[in-house]
Amino acid sequence: MTDHHDRRAELAANLAEVRARIARACLAAGRAESEVTLVAVTKTWPASDAALLRDLGVTDLAENRDQEASEKAQQITGVRWHFVGQLQTNKARSVASYASVVHSVDRPALVEALSAGATRAHRIVQVLLQVSLDGARGGALPVDLPVLANQVAGAAGLELAGVMAVAPRAVDPAVAFSQLHRLAVALQAEHPRATMISAGMSGDLEQAIAAGATHVRVGTAVLGHRDRPLR
Ligand SMILES: *Cc1c(COP(=O)(O)O)cnc(C)c1O
């Protein structure tokens, strides 16, 4: 009980801090706070933490591995589950059965597999196209976005919702996120409902909000440092 209450208090304090950072960044950018959704990334943390966050008012939770995600999504209902991070095609069917939003769609085979999974589960899954801003693995190249976008837009069970990126290590996040914003605007010219921009993590959410992010994906600043190595 005591542990539970300590953890709840810790998460509440972290959350207040992150919400204050988001509020300050919105103020600085002249944006309404309601334009930015906090997606708390619970990977490596127990389902009990996800439940505490939900009870503290977090509406959107994210994971980056199918098995862990599917277990937590079964246990923790009443939130929108997001899938972030690299997705293997053979896991797509499973992910489409519980995820409301998949942030990491970067190739045609994945679109097909997610569409099959969503259709079979009688669900609509929102899809973000992950963009590689430095040509590294994990993310489509900007030049490939229009074709991928049309594929998603025409796929049963999927809704093209926007774009996502991780700022490359070697690049100023402000520069990376403004490039992502330009790509989002170009996408919206063809697909007006693809309005989501998923950008910004614990270390760079301010720069992302300044560049128009609608969804920030925050792990460490809400939950603490992960002990387990990242996959
Ligand atoms: C883990 C992860 C995050 C959260 O990162 P933090 O630095 O812990 O906030 C965001 N996006 C993706 C894709 C992740 O895998």
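We count ligands from 1, going down the list as the structure has it; atoms in each ligand are counted the same way. Source: prediction; values computed, not measured.
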*asked:* I need the atoms of ligand 1 closer than 4.0 Å to a non-hydrogen atom of V218, numbered in the order shown.
replied: 9 (O)
*N/O to N/O below 3.5 Å, does that happen between N64 and ligand 1?*
no
*Using a 4.0 Å heavy-atom threshold (strictly under), name the region of R226 that reaches ligand 1: side chain, backbone, both or neither.*
side chain
*Between the side chains of R217 and S198, is a donor N or O closer than 3.5 angstrom to an acceptor N or O?*
yes
_Taking every non-hydrogen atom, the tightest pair across H103 and M164_ = O-CB, 3.4 Å
*asked:* Just to verify, what does A184 make a side-chain contact (heavy atoms from CB on, under 4.5 Å) with, not counting sequence neighbours?
replied: V163, Q188, I197
*Determine yes or no for a side-chain-to-main-chain donor-acceptor pair under 3.5 angstrom, with T119 supplying the side chain and S115 the backbone.*
yes
